[in-house]
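Data first, discussion second: the structure below is written as structure tokens.
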Amino acid sequence: MGSLLVARHGQSTWNALGRWQGKADPELTALGEQQAQDAALHVGDISSVWASNLQRAKVTASIIAKAKGLEVNIDERLSERDAGEWEGMTRLEIEDGWPGFLAGHKRPDGFEPDESVAQRGIEALTEILANGGDGRILVVSHSGVVRAIERHLGVSAGQVSNLGGVEFHLNALGELTIGERFMLLDGSKVEITTPKQI
């Protein structure tokens with residue numbers, strides 16, 4: 001069975017402004033495009049490329065796929081969570097409108113819960129990996145998706161940087177299991193942090 005590298009997209013215009021993106025669809029910055037080009041140099045051999053339907057992930061995946069002579073497959077289940085009323089806001093704006101919510105880990109109406117994000121993400125990744133053969137597959141998704149899946153699988157390892165991510169495998173029962181963190185910008189196994197058990 002192969003392995004699955006699930007990476008966050010390159011820097012978007014809203015990443016640069018510190019805005020919560022959710023289902024919004026801002027484009028990559030010039031730096032984000034360069035990050036994708038750099039990642040293509042470090043990702044190694046991959047057999048296929050998948051991405052969410054949001055352009056910051058699709059374009060990142062397309063840049064890497066083109067360098068590898070591959071096409072991009074799209075799966076909407078890999079898209080970022082809905083951020084509800086916080087979409088497009090900075091942390092300061094959120095704190096002004098919802099005092100104490102961030103510190104108290106509270107979320108506004110319409111914010112997609114971890115359980116929903118993890119369920120659809122795990123479903124998509126398990127199918128991709130089960131049908132992917134023995135190769136290494138690259139999936140370009142979003143920080144919220146990666147972290148929700150990590151928490152569902154019982155680990156917590158902090159923020160996911162642009163073009164950082166986590167390696168996944170399937171066990172003998174066909175269940176998704178979590179591996180190590182990686183960074184694609186400066187080498188496939190540089191700056192890895194091993195997830196800590198909750």
Side-chain angles (χ1 to χ4, degrees), residues 6-39 50-64 74-125 139-166 181-186 191 193 195-196 198:
V6 183
R8 186 186 182 194
H9 55 80
Q11 185 193 66
S12 73
T13 54
W14 280 18
N15 283 156
L17 295 172
R19 297 195 178 280
W20 283 51
Q21 297 174 108
K23 296 289 189 183
D25 207 14
E27 60 188 12
L28 292 182
T29 62
L31 174 58
E33 293 180 2
Q34 184 61 55
Q35 289 172 331
Q37 292 169 7
D38 292 344
W50 290 76
S52 98
N53 57 312
L54 298 175
Q55 68 171 330
R56 57 190 183 272
K58 280 195 301 187
V59 173
T60 300
S62 295
I63 291 170
I64 297 171
I74 302 298
D75 193 320
E76 292 185 11
R77 294 174 295 179
L78 300 169
S79 67
E80 184 59 284
R81 77 169 78 233
D82 192 326
E85 298 172 276
W86 289 0
E87 193 170 284
M89 292 187 171
T90 64
R91 294 183 71 86
L92 182 59
E93 291 168 340
I94 291 169
E95 185 59 35
D96 285 344
W98 292 264
F101 267 50
L102 289 172
H105 303 288
K106 299 177 184 176
R107 297 297 182 252
D109 291 340
F111 195 94
E112 185 180 7
D114 262 9
E115 295 77 15
S116 172
V117 179
Q119 181 178 3
R120 62 179 169 83
I122 289 172
E123 182 181 86
L125 297 183
V139 172
V140 182
S141 186
H142 306 268
S143 177
V145 175
V146 172
R147 298 191 71 200
I149 293 172
E150 283 184 322
R151 286 189 286 264
H152 181 83
L153 295 178
V155 298
S156 179
Q159 296 294 328
V160 182
S161 302
N162 295 115
L163 273 304
V166 179
R181 285 281 186 104
F182 61 81
M183 280 294 295
L184 292 179
L185 295 181
D186 45 15
E191 295 183 19
T193 58
K196 298 176 181 177
I198 291 177

message: Return the CD to CH2 distance between Glu93 and Trp98, rounded to the nearest 0.5 Å.
response: 9.5 Å
message: Please evaluate residues Val145 and Glu80 with respect to the criterion side chain to side chain contact (heavy atoms under 4.5 Å, CB included), reporting the C-alpha separation (whole Å), side-chain torsions for both, the decisive distance (0.1 Å), and the verdict.
response: CA-CA 6 Å; Val145 175; Glu80 184 59 284; 4.3 Å; yes
query: Does any N or O in the side chain of Asp75 come within less than 3.5 Å of the main-chain N or O of Ser52, such that one atom is a donor and the other an acceptor?
result: no
- prompt: Which heavy atom of Ala16 sits nearest a heavy atom of Thr29, and at what distance?
  reply: CB-CG2, 4.3 Å
- line: All heavy atoms of Ala36 vs all of Ile64, minimum pair found to be O-CG1, 3.4 Å
- request: Answer yes when Arg81 and Asp114 have at least one side-chain N-carboxylate O distance shorter than 4.0 Å, and no when they do not.
  value: yes
Option from Glu33, Gln11, Gln34, Gln35 for which side chain to side chain contact (heavy atoms under 4.5 Å, CB included) with Leu28 holds: Glu33
Qualifying residue for side chain to side chain donor-acceptor pair (under 3.5 Å) with Ser12, from Glu27, Gln55, Gln21, Arg56: Gln21
statement: Value for CG (Asn15) from CG (Asn162), rounded to nearest 0.5 Å, stands at 5.0 Å
- prompt: What's the verdict on side chain to side chain contact (heavy atoms under 4.5 Å, CB included) for Leu78 and Leu125, showing C-alpha distance, side-chain angles and the deciding distance?
  reply: CA-CA 8 Å; Leu78 300 169; Leu125 297 183; 3.8 Å; yes
Nearest heavy-atom neighbours spanning Arg181 and Gly158: NH2-O, 2.8 Å
query: Looking at CG of Asp109 and CH2 of Trp86, how far apart are the two atoms once the value is rounded to the nearest 0.5 Å?
result: 11.0 Å
Straight-line distance of Glu115 CD to Gln119 CD, nearest 0.5 Å: 9.5 Å
message: Does Trp20 form a side chain to side chain contact (heavy atoms under 4.5 Å, CB included) with Phe111? I'd like the steps, not just the answer.
response: CA-CA 12 Å; Trp20 283 51; Phe111 195 94; 3.5 Å; yes
- line: Nearest heavy-atom contact between Ala51 and Ala57 is CB-O, 3.9 Å
task: Hey, could you give me the CG/CG distance between Leu163 and Asp38, rounded to the nearest 0.5 Å?
output: 8.0 Å
message: If we ignore hydrogens and angles and just use 3.5 Å, is the side chain of Arg120 paired with the main-chain N or O of Ser79 as donor and acceptor?
response: yes
- request: Report the C-alpha distance between Arg147 and Gln159 in whole Å, list the side-chain angles of each, state the deciding distance to 0.1 Å, and finish with yes or no for side chain to side chain contact (heavy atoms under 4.5 Å, CB included).
  value: CA-CA 8 Å; Arg147 298 191 71 200; Gln159 296 294 328; 3.0 Å; yes
message: Could you tell me if the side chain of Arg8 sits less than 4.5 Å from the side chain of Val146, heavy atoms only?
response: no
query: Within the distance-only criterion (no hydrogens, no angle test), does the side chain of Thr13 pair as donor or acceptor with the backbone N or O of Pro26 below 3.5 angstrom?
result: no
message: With rounding to the nearest 0.5 angstrom, report the OG1 to CG distance, Thr60 to Leu54.
response: 11.0 Å
- prompt: Any idea which heavy atoms bring Val117 and Ala148 closest together, and the distance?
  reply: CG1-CB, 3.7 Å
task: Side-chain contact test, heavy atoms from C-beta onward, threshold under 4.5 Å: evaluate it for Asn53 versus Arg77 and give yes or no.
output: no
